[in-house]
Structure formats: C-alpha cells, structure tokens
Amino acid sequence: MNILKFLPILLSIILFSANSYAKETKYSCKPKSAAAVRSNGIQVFKITGKEKPVEITIKDGQGTDSGFFIVNKSKYEILDLGTGKAYAFDKNEPWTHIQDIFFLDNNVLSFILSANASITRYLCDEIE
C-alpha cells in the first residue's frame, strides 16, 4: 500500500528529470573553404578533402538559458540575433567566434570559425 502512494511521486520525478537534460548532438565537420589575411594580402587555402575532421557538439539551451557550441575544449554560447542565423562566442576567447551557424536544405550543418585574421567554412554531418 505504501508503494502505491510513492509511485506517482516517483513517476513525476522520472518525467521531470528526463526533460531537464539538454539535448546534445554531435557532428563531424570538414573544412569547405578557408582564407586568412597576411602581410602580402589575402591567402586562400586549397582544400584537398583529406583534412582531419573536427568533432563538435551542440548542446540545446533550456528555458531562457542559451545553448552551447562545443569545439574541442572551447565552449561557445549560442546567440540568435534575429537574422535567421546563429552566432557563438566564448568570453574567455574573444579573438575567436563562430558565425553563420545554420542548416542547409540537406540537413548538413554549416558554420564559419573565425580566429584572429582567418576564417574557415565547415560543413558537418551528424554522428549517430
């Protein structure tokens, strides 16, 4: 009889805790294009297709909390500035940011990693 009294409470706790975890989605990303500003002008890098993929994780925000774009050990806060594209910044690494985060029609994630005077466009497939 006591078990029946605690069963609804237990179910409520399980349902609440299951919804309180933010969803994390992992992606494998390869550069599509890259360029940097050098003393002799803009240098465009040749992409061979043999570059090592970069793994990223996108952690969805909860309520009014922002989501995060996690690359290696850097954790960038995702901001949507109302343009249809999201941006991500890390207050500890102000010289680096991620811009133009969006999904292409074929569900491929696209973003630009900007660090100092260089930019790289990445295309990413979800890791299942």
Side-chain angles (χ1 to χ4, degrees):
M1 192 74 159
N2 286 337
I3 294 175
L4 292 176
K5 290 180 183 178
F6 292 109
L7 188 59
I9 295 171
L10 181 62
L11 287 174
S12 297
I13 291 171
I14 291 171
L15 289 174
F16 176 74
S17 64
N19 289 332
S20 65
Y21 293 111
K23 179 183 173 192
E24 288 187 2
T25 310
K26 296 189 180 294
Y27 295 90
S28 177
C29 307
K30 285 208 162 193
K32 179 68 176 168
S33 58
V37 176
R38 301 286 189 238
S39 60
N40 59 348
I42 297 175
Q43 178 183 2
V44 177
F45 298 98
K46 183 177 180 182
I47 304 298
T48 65
K50 297 178 183 176
E51 291 79 12
K52 183 179 177 183
V54 174
E55 288 193 14
I56 65 155
T57 302
I58 294 181
K59 185 175 181 181
D60 292 345
Q62 292 290 305
T64 59
D65 295 334
S66 296
F68 289 98
F69 198 98
I70 303 165
V71 183
N72 299 328
K73 295 179 183 178
S74 299
K75 192 174 185 180
Y76 301 88
E77 182 179 4
I78 298 174
L79 305 170
D80 182 5
L81 303 177
T83 62
K85 297 178 184 174
Y87 302 86
F89 298 93
D90 182 348
K91 294 175 186 170
N92 298 320
E93 296 181 21
W95 57 89
T96 304
H97 67 276
I98 297 170
Q99 61 191 42
D100 293 339
I101 304 168
F102 63 94
F103 286 92
L104 302 173
D105 290 339
N106 57 358
N107 220 20
V108 170
L109 174 67
S110 175
F111 70 91
I112 292 176
L113 176 62
S114 178
N116 296 326
S118 67
I119 59 170
T120 306
R121 161 82 59 200
Y122 285 93
L123 297 179
C124 313
D125 293 313
E126 186 174 348
I127 300 172
E128 296 189 31

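Here the structure is a predicted model, which means the values were calculated and not measured.
Rounding to the nearest 0.5 Å gives a distance of 9.0 Å between CD1 of Ile127 and CD1 of Ile56. For the atom pair OH of Tyr76 and NZ of Lys91, the computed distance is 14.5 Å after rounding to the nearest 0.5 Å. Annotation: the span from Leu104 atom CG to Cys124 atom SG amounts to 9.5 Å, rounded to 0.5 Å.
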Could you check Tyr87 against Ile101 for side-chain contact (heavy atoms from CB on, under 4.5 Å), going step by step and ending with a plain yes or no? CA-CA 6 Å; Tyr87 302 86; Ile101 304 168; 5.8 Å; no

Show the numbers, then the answer: is there a side-chain contact (heavy atoms from CB on, under 4.5 Å) between Glu51 and Lys30? CA-CA 7 Å; Glu51 291 79 12; Lys30 285 208 162 193; 5.6 Å; no

Determine whether Ser110 and Arg121 satisfy the following criterion, side-chain contact (heavy atoms from CB on, under 4.5 Å), listing intermediate values before the conclusion. CA-CA 7 Å; Ser110 175; Arg121 161 82 59 200; 2.8 Å; yes

Under the side-chain contact (heavy atoms from CB on, under 4.5 Å) rule, what do Glu77 and Phe68 come out as? Steps first, then yes or no, please. CA-CA 5 Å; Glu77 182 179 4; Phe68 289 98; 4.0 Å; yes

Is there a ring pair (Phe, Tyr, Trp, His ring centres under 6.0 Å) between Phe69 and Phe111? Walk through the geometry before answering. CA-CA 11 Å; Phe69 198 98; Phe111 70 91; 4.9 Å; yes

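Heavy-atom neighbours of Ile42 CD1 from other residues, nucleotides or ligands within 6.0 Å: at or below the threshold of 12. The number of heavy atoms from other shown groups lying within 6.0 Å of NZ (Lys32) does not exceed 12.
With a 4.5 Å cut-off on side-chain heavy atoms, Leu113 and Ile119 do not count as touching. Contact check for Thr25 versus Leu109: no side-chain heavy atoms found under the 4.5 Å cut-off.
A side-chain donor-acceptor contact under 3.5 Å links Ser118 to the backbone of Ala115. Side chain of Asp90 to backbone of Asn92: a donor-acceptor contact under 3.5 angstrom is found.
Taking each heavy atom of Cys29 and Tyr122 in turn, the nearest pair found is CB-CD2, 4.0 Å. Nearest approach of Glu24 to Lys59, heavy atoms of both residues: OE2-CD, 3.7 Å.
Under 3.5 Å, the side chains of Gln99 and Ser114 contain no donor-acceptor pair of N or O atoms.
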